[in-house]
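Every number for a ligand or one of its atoms is a count from 1 in the order of the listing. FYI, side chains are in, hydrogens and waters are out, and symmetry mates aren't considered; it's all heavy atoms of this structure.
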Amino acid sequence: MRRLDPRAPLVFDSRPLGRRPGSMRAISRSVPAPEGLEAGLVSVPVGTPVELDVRLEAVMEGVLVTGTARTTAAGQCGRCLDPVAVPVEVELCELYVYPDGDARSAGPDSEETDRLQGDHLDLEPHLRDAVVLALPLQPLCRDDCPGLCPGCGRRLDEVEPGHGHDVVDARWSALAGLELDPERTTETEES
Ligand SMILES: [Zn+2]
Ligand SMILES: [Zn+2]
């Protein structure tokens with residue numbers, strides 16, 4: 001297992017709690033986003049500020065960390081491909097068992113990351129899991145974004161009313177191009 005760097009922004013020192021069940025500390029920190037906060041088209045760029053408001057509480061088996069993390073992910077609108085900023089807020093709730101404690105008391109799901117290493121605990125893996133789950137699969141620039149015209153790729157909120165394309169069989173499209181499109185003449189007269 002890699003050794004924790006006690007100065008890493010997502011590593012917390014449990015010593016001020018003194019292993020006294022019931023003692024707690026509230027910590028607010030702005031930390032730079034670690035790598036890997038990404039899912040599909042959406043990611044939190046490395047270094048983006050993540051606002052942490054957490055509470056470390058000593059319990060019998062270890063240290064319980066609860067709180068919230070807030071940051072902003074960047075992505076592309078799933079319909080028009082415009083860049084979108086996605087606010088992300090996740091709840092954190094993790095029990096870190098003391099190195100010499102009984103991991104079974106933490107429940108059958110406890111993993112190796114759920115242990116304190118020495119006096120320190122690493123919030124990074126849990127922050128990553130929580131943020132990745134919270135990222136939207138298909139963000140939208142706005143709820144009613146109409147997207148792009150499948151015929152020409154223009155934004156559908158910028159094209160003229162009635163905009164459309166005749167569906168022409170590829171085998172005839174070369175021929176069709178030879179004739180003057182009568183529809184197009186009519187449009188010019190109307191406008
Ligand atoms: Zn859009
Ligand atoms: Zn079009």
Side-chain angles (χ1 to χ4, degrees), residues 8-12 26-55 65-94 109 111 113-114 121-191:
L10 284 159
V11 170
F12 293 84
I27 300 170
S28 295
R29 263 189 206 179
S30 179
V31 303
E35 289 178 4
L37 303 188
E38 57 196 9
L41 294 174
V42 190
S43 66
V44 180
V46 173
T48 304
V50 179
E51 309 301 333
L52 281 181
D53 283 297
V54 293
R55 198 175 73 164
V65 181
T66 53
T68 56
R70 285 183 206 84
T71 187
T72 306
Q76 277 188 324
C77 173
R79 293 184 192 152
C80 72
L81 307 182
D82 270 5
V84 276
V86 184
V88 178
E89 177 170 347
V90 293
E91 302 278 330
L92 302 169
C93 180
E94 298 297 335
D109 297 331
E111 294 167 17
T113 48
D114 290 338
L121 61 90
D122 184 9
L123 200 56
E124 184 177 322
H126 293 300
L127 176 72
R128 181 177 295 113
D129 290 351
V131 169
V132 166
L133 282 176
L135 294 176
L137 291 176
Q138 197 194 45
L140 297 175
C141 62
R142 54 172 216 264
D143 284 344
D144 59 348
C145 171
L148 304 177
C149 170
C152 65
R154 289 168 64 197
R155 299 176 58 94
L156 285 176
D157 53 5
E158 287 171 2
V159 298
E160 64 281 8
H163 174 86
H165 303 269
D166 291 332
V167 180
V168 180
D169 188 300
R171 285 168 296 180
W172 302 109
S173 56
L175 287 174
L178 297 174
E179 293 173 34
L180 188 65
D181 185 349
E183 298 245 320
R184 198 163 290 165
T185 332
T186 329
E187 267 180 30
T188 329
E189 283 167 6
E190 278 171 4
S191 53

Practice item. Give a yes or no answer on whether the side chain of Arg155 reaches the backbone of Cys80 with a donor-acceptor pair at less than 3.5 Å. Key: no
Study note, to complete from the structure: At the Zn ion (ligand 2), NE2 of His163 and SG of Cys152 open up to roughly (10° bins) 110°
Review point. What N/O/S atom of His165 is the closest to the Zn ion (ligand 2)?
Key: NE2
**Study point:** Reference residue Val44; test side chain to side chain contact (heavy atoms under 4.5 Å, CB included); the match among Val131, Thr72, Val132
**Key:** Val131
Exercise for review: Give, rounded to 10 degrees, the angle between SG (Cys77) and SG (Cys80) as seen from the Zn ion (ligand 1).
Suggested key: 110°
**Study point:** Qualifying salt bridge (charged side-chain N to carboxylate O under 4.0 Å, His left out) pairs with a residue from residues 39-55, counting only residues at least two apart or across chains
**Key:** Asp53-Arg70, Arg55-Glu57
Check your understanding: So, does Arg79 use its side chain to make a donor-acceptor pair with the main chain of Cys145 at under 3.5 Å?
Key -> yes
Practice item. Take the Zn ion (ligand 1) as the vertex and measure to SG of Cys145 and SG of Cys141; round to 10°. Key: 100°
